[in-house]
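Here the structure is laid out as structure tokens; the discussion comes afterwards.
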Amino acid sequence: MSQLSHEQEFNPRLAAEIRFDTAAEKLHLDAGMRKVLRTPALEVTVNIPVLLDDGRLEVFTGYRVQHSVARGPGKGGIRYAPDVNLDEVRALASWMTWKCSVVNIPFGGAKGGVICDPSMMSDGELERLTRRYAAQIIDFIGPERDVPAPDVNTNERTMAWIMDTYSMHVGRATTAVVTGKPMELGGSLGRREATGRGCMMVTLQALKKFGLAPENTRVVIQGFGNVGGMAAQLMAAKGFKVVGLVEYDGAVFNPHGLNIEALMKHRRATGSINEFPEAEAVDKSEALFLDCDVLLPAATENVITSENAAKLRCKILCEGANGPTTAGADPILVDKNIFVIPDILANAGGVTVSYFEWVQDRQGFFWNEDLVNSRLEEVMVGSFNAVDAYAGKHGVDNRTAAYMLALDRVATAVKLRGIYA
Ligand code: GLU
């Protein structure tokens with residue numbers, strides 16, 4: 001992969017295409033099917049006027065990309081960030097297709113994004129932006145069409161605004177139009193914890209391959225938000241030693257295991273994980289390369305690259321974020337014999353409980369948390385085992401196996417449906 005320029009390596013769409021091509025090649029998919037599977041079904045760009053609190057008008061640009069709707073409605077989050085761009089949204093939408101397919105839930109893949117800096121916006125500005133964005137993509141979303149969810153910098157409150165905007169437009173309360181909603185509006189128990197819980201569930205399966213018990217497993221986590229923070233809490237409660245926590249503004253380390261509840265309290269009080277008294281500070285750019293058993297990147301894309309992958313000292317890489325590893329790093333991880341649980345499997349717990357939420361909304365009948373978690377476990381463990389067995393059978397690495405399994409299912413759906421003309 002050394003032929004990729006730095007810019008190319010960091011383009012998530014290219015990363016997605018490289019993984020796609022490797023799997024498509026191994027599956028001997030014909031050229032026409034490859035074209036269908038690699039091309040997004042729909043891309044919408046909207047320019048969103050928003051009245052700011054100071055009376056000025058600003059125009060924000062947003063996207064919604066439906067990569068595939070072959071296996072069911074589009075499904076995927078909406079992110080708000082200054083560096084959102086169409087190529088990134090396309091890549092993320094395609095990853096949703098493969099993710100839903102790997103865990104075999106009846107959705108296609110979609111993603112949305114708005115270029116904005118939510119940290120600089122008031123609640124009122126965010127609400128107006130969200131409602132106007134929702135109104136401008138309203139013809140393309142819906143319970144049977146495309147079902148958004150939270151992603152980077154969006155949350156339950158954002159979903160409540162979208163649910164309300166959609167419901168007002170169609171003239172009836174439509175809870176199933178989004179997932180990741182507040183409980184009071186048809187949200188599901190366990191949805192908030194689901195991505196982190198799913199990461200833990202697949203890591204527990206991977207540990208068996210190494211004969212490791214959670215008590216003897218040292219974990220380094222990057223990101224202390226919805227995914228990383230939740231994974232840290234749940235893993236610590238299960239007995240794992242979460243020895244390192246890496247954030248955008250610093251990193252902390254304790255070889256005996258961090259007290260995650262205390263670290264959360266410290267962050268709530270001070271706004272940062274830095275200067276946590278029960279840990280030593282480490283350089284955040286070096287923290288990913290600490291000696292550990294499990295590395296769980298749960299923050300952003302492009303963290304593990306062709307330049308730094310050789311420095312990793314973990315046995316298992318559990319990709320909690322979407323796209324934390326560039327395609328350029330893939331062969332290095334294979335050479336180093338690192339057991340990779342690829343993002344489209346590792347972080348699929350979130351969308352799996354989104355599926356459960358959508359099912360509950362449509363039935364109007366809600367499950368208790370134990371049922372949600374046990375069904376999640378069934379999906380995550382079953383999918384982990386399917387990918388692991390596939391990798392063994394076909395002699396490929398885990399990521400390629402996950403992509404092959406996913407592509408094959410979507411290609412079969414496309415074939416069975418035929419091309420409507
Ligand atoms: N944003 C999450 C993801 O990337 C969840 C998507 C969903 O629940 O639809 O998987």
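Each ligand, and each atom within it, is numbered from 1 in the order the structure gives.
- Contacts with ligand 1 closer than 4.0 Å are made by side-chain heavy atoms of Lys111 only, the backbone lying farther away.
- Side-chain contact of Tyr133 with Thr165: a donor-acceptor pair under 3.5 Å is absent, judged by distance alone.
- In terms of protein heavy-atom proximity, atom 8 (O) of ligand 1 is nearest to Ser354 OG, 2.6 Å.
- Assignment of Arg79 to the shell around ligand 1 is not supported, since no heavy atom sits closer than 4.0 Å.
- The nearest heavy-atom contact from the protein to atom 1 (N) of ligand 1 is Asp151 OD1, 2.7 Å.
- Within the 4.0 Å heavy-atom cutoff, Pro148 does not count among the residues contacting ligand 1.
- Within the model, atoms CD1 of Ile341 and CZ of Arg399 stand 11.5 Å from one another, a figure rounded to the nearest 0.5 Å.
- For the pair Val334 and Val340, the minimum side-chain heavy-atom distance is 4.5 Å or more.
- Of the heavy atoms in Ala348, none comes closer than 4.0 Å to ligand 1.
- Counting the atoms of ligand 1 from 1 in the order shown, those under 4.0 Å from a heavy atom of Lys99 are 3 (C), 4 (O), 10 (O).
- Counting heavy atoms under 4.0 Å from ligand 1, residue Asn322 touches it through the side chain alone.
- Within a 6.0 Å radius of CD in Gln363, other residues, nucleotides and ligands contribute more than 12 heavy atoms.
- Proximity to Gly76 (heavy-atom distance under 4.0 Å) selects the following atoms of ligand 1: 9 (O).
- Those atoms of ligand 1 with a heavy atom of Met96 less than 4.0 angstrom away are 3 (C), 4 (O), 6 (C), 10 (O).
- Looking from atom 7 (C) of ligand 1 to the surrounding protein, the closest heavy atom is Ala149 CB, 3.3 Å.
- Between Lys241 and Asp293, none of the side-chain N atoms (NZ, or NE/NH1/NH2) sits under 4.0 Å from a carboxylate O, so this pair counts as no salt bridge.
- From the protein, the heavy atom lying nearest to atom 5 (C) of ligand 1 is Arg191 NH2, 3.5 Å.
- Environment of NZ in Lys26: sparse, with no more than 12 heavy atoms of neighbouring residues, nucleotides or ligands closer than 6.0 Å.
- Of the protein's non-hydrogen atoms, Lys75 NZ, 2.8 Å is the one closest to atom 9 (O) of ligand 1.
- Between Arg34 and Glu17 there is no salt bridge, since none of the side-chain N atoms of the basic residue sits less than 4.0 Å from a carboxylate O of the acidic one.
- Between Arg197 and Glu377 there is no salt bridge, since no side-chain nitrogen of the basic residue lies less than 4.0 Å from a carboxylate oxygen of the acidic one.
- Side chains of Ser68 and Leu37 form no contact here, defined as non-hydrogen atoms less than 4.5 Å apart.
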